[in-house]
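The block underneath contains the structure these notes are about, expressed in structure tokens.
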Amino acid sequence: MRIATWNVNSLKVRLPHVLDWVGKHRPDVVCLQETKLEDVNFPLDAFSNAGYQALFSGQKTYNGVAILSRSACSDVVAAVPGFDDAQKRVLAATVDGVRVVCVYVPNGESIDSEKYRYKLKWLAALNAWLKRELERFPRVAVLGDFNIAPEARDVHDPLVWDGQVLFSTPEREAFKNLLALGLKDGFRLFEQPEKSFTWWDYRMNAFRRKMGLRIDHVLLSTELAKLCTACSIDVDPRKAERPSDHAPVIADLKIP
DNA sequence: ATGGTAGAAACTCTA
């Protein structure tokens with residue numbers, strides 16, 4: 001079973017990229033973030049023709065998440081239960097016995113921003129909910145844009161980013177608190193190249209200069225981590241014409 | 001110095 005996550009930064013613009021990519025990599029499940037589409041405009045037929053069912057929770061202009069899957073989904077949840085949030089950032093479903101949770105964690109803007117406080121509250125609510133999901137399901141995969149670089153090696157220049165949003169101590173603590181629930185960072189289960197990043201600013205030729213951050217993650221419950229045979233970042237889509245600013249992350253699971 | 005780019009929408013906000 002191959003699962004993946006990709007912040008597409010507008011599914012309207014990136015639909016050809018996504019169709020091309022799923023054709024190449026044949027994932028069983030793909031979590032998408034920043035679709036920026038109202039549900040009525042979701043390109044269901046295009047994915048259906050490519051062999052995928054789709055769940056989606058979107059809104060105009062901002063946010064929006066979706067799960068593409070080859071198999072049917074059940075137990076669909078489109079928000080963190082009990083957390084009042086107008087922003088469409090969460091989608092969960094059970095696919096082939098795996099509890100898939102697609103997340104688009106708030107960016108936070110800057111550490112003195114109201115949006116940053118919202119980000120930390122949002123992460124606390126996610127944590128409390130995932131704790132319960134992990135009690136319900138042995139096989140849990142949380143995939144998405146976490147907008148947090150967990151460690152110094154996940155940042156092109158840790159001194160420049162020290163204390164900044166996406167790399168501040170409270171955010172990294174919140175990420176550690178997710179791992180403390182019994183989740184593993186899938187990418188770090190394997191040896192990886194240095195300077196492995198998933199996001200590069202559109203500005204300042206950041207991609208060409210390898211000035212990125214690793215902020216998109218695949219977190220796996222203990223049982224799923226044992227079944228994970230590979231996890232990698234595919235930087236190729238970032239080289240395309242009109243790319244998303246994020247690259248996809250892929251994990252392979254050997255489900256018995 | 002407070003840039004620079006991209007997307008959506010509507011001349012600004014978010015990332």
Side-chain angles (χ1 to χ4, degrees), chain A residues 5-21 30-43 46 56-66 79 85-91 102-123 126 143-150 154-168 170-172 174-175 197-217 233-249:
Chain A
T5 180
W6 194 4
N7 179 324
V8 292
N9 185 19
S10 168
L11 186 54
K12 186 180 172 188
V13 174
R14 236 63 72 186
L15 181 60
H17 303 69
V18 176
L19 291 172
D20 177 65
W21 191 80
V30 187
C31 294
L32 302 176
Q33 302 86 36
E34 283 205 90
T35 55
K36 299 185 177 180
L37 284 177
E38 290 184 296
D39 290 348
V40 67
N41 295 324
F42 193 89
F56 37 91
S57 177
Q59 64 186 94
K60 197 189 280 192
T61 312
Y62 305 119
N63 311 311
V65 284
D85 189 5
Q87 303 187 18
K88 305 296 191 187
R89 297 181 172 277
V90 164
L91 198 50
C102 174
V103 299
Y104 175 46
V105 176
N107 171 284
E109 191 181 36
S110 65
I111 62 163
D112 55 1
S113 162
E114 179 57 43
K115 296 196 192 82
Y116 181 81
R117 291 189 284 279
Y118 163 66
K119 179 178 193 173
L120 294 179
K121 271 197 280 188
W122 197 96
L123 284 161
L126 176 71
L143 307 89
D145 176 0
F146 287 73
N147 271 314
I148 301 170
D154 300 316
V155 177
H156 69 89
D157 188 340
L159 290 179
V160 165
W161 282 88
D162 182 46
Q164 300 295 310
V165 73
L166 311 183
F167 191 57
S168 73
E171 293 165 86
R172 292 162 67 194
F175 189 84
F197 306 128
T198 64
W199 171 81
W200 304 259
D201 200 303
Y202 283 123
R203 295 166 288 192
M204 308 290 287
N205 283 313
F207 181 64
R208 189 179 53 73
R209 297 161 70 192
K210 302 187 189 305
M211 294 169 63
L213 303 181
R214 191 175 71 93
I215 58 177
D216 300 83
H217 306 294
I233 299 164
D234 181 16
V235 297
D236 280 349
R238 189 64 176 79
K239 301 171 184 168
E241 288 293 319
R242 277 194 106 182
S244 167
D245 45 353
H246 294 252
V249 185

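Side chains included, hydrogens not; waters and symmetry mates left out as well; all remaining heavy atoms used. If you're wondering where the values come from, they're calculated on a predicted model, not measured in any experiment.
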Report the residues that fulfil ring-ring contact (aromatic ring centres under 6.0 Å, His included) with A/Phe146, sequence neighbours left out, ordered by chain and then residue number.
-> A/Phe175, A/His217

Of all of residues 103-110 of chain A, which get a heavy atom below 4.0 angstrom from DNA chain B, listed by number?
-> A/Tyr104, A/Asn107

Is any side-chain heavy atom of A/Arg172 less than 4.5 Å from a side-chain heavy atom of A/Ile148?
-> yes

If the C1' atom of B/dA9 is compared with that of B/dA15, how far apart are they to the nearest Å?
-> 15 Å

Please figure out whether A/Asp245 or A/Leu11 has its closest DNA chain B nucleotide nearer the 5' end.
-> A/Leu11

Is there a donor-acceptor contact under 3.5 Å linking the side chains of A/Trp199 and A/Asn7?
-> no

Whether A/Thr198 side chain and A/Asp216 backbone form a donor-acceptor pair below 3.5 Å = yes

Taking only residues two or more places apart in sequence, or in another chain, which ones meet A/Trp122 in a side-chain hydrogen bond (donor to acceptor under 3.5 Å, both in side chains)?
-> A/Asp85

Expressed as a whole number of Å, how far does the C1' atom of B/dG7 sit from that of B/dC11?
-> 14 Å

What distance, rounded to whole Å, do you find between the two C1' atoms, one in B/dT14 and one in B/dA10?
-> 15 Å

So where does chain A start and stop touching DNA chain B, 5' to 3', when the test is distance under 4.0 Å to a non-hydrogen atom?
-> B/dG3 to B/dA15

What integer number of Å spans the C1' atoms of B/dA1 and B/dT12?
-> 22 Å

Nearest non-hydrogen partners of A/Ala66 and A/Phe42, listed with the distance = CB-CE1, 3.7 Å

Could you say whether A/Met204 or A/Ser10 is positioned toward the 5' end of DNA chain B, judged by the nucleotide with the nearest heavy atom to each?
-> A/Met204

Sequence neighbours left out, what passes ring-ring contact (aromatic ring centres under 6.0 Å, His included) with A/Phe207? Give chain and number order.
-> A/Trp200

Salt bridge (Lys or Arg N to Asp or Glu O under 4.0 Å) partners for A/Lys115, two or more places apart = A/Glu109

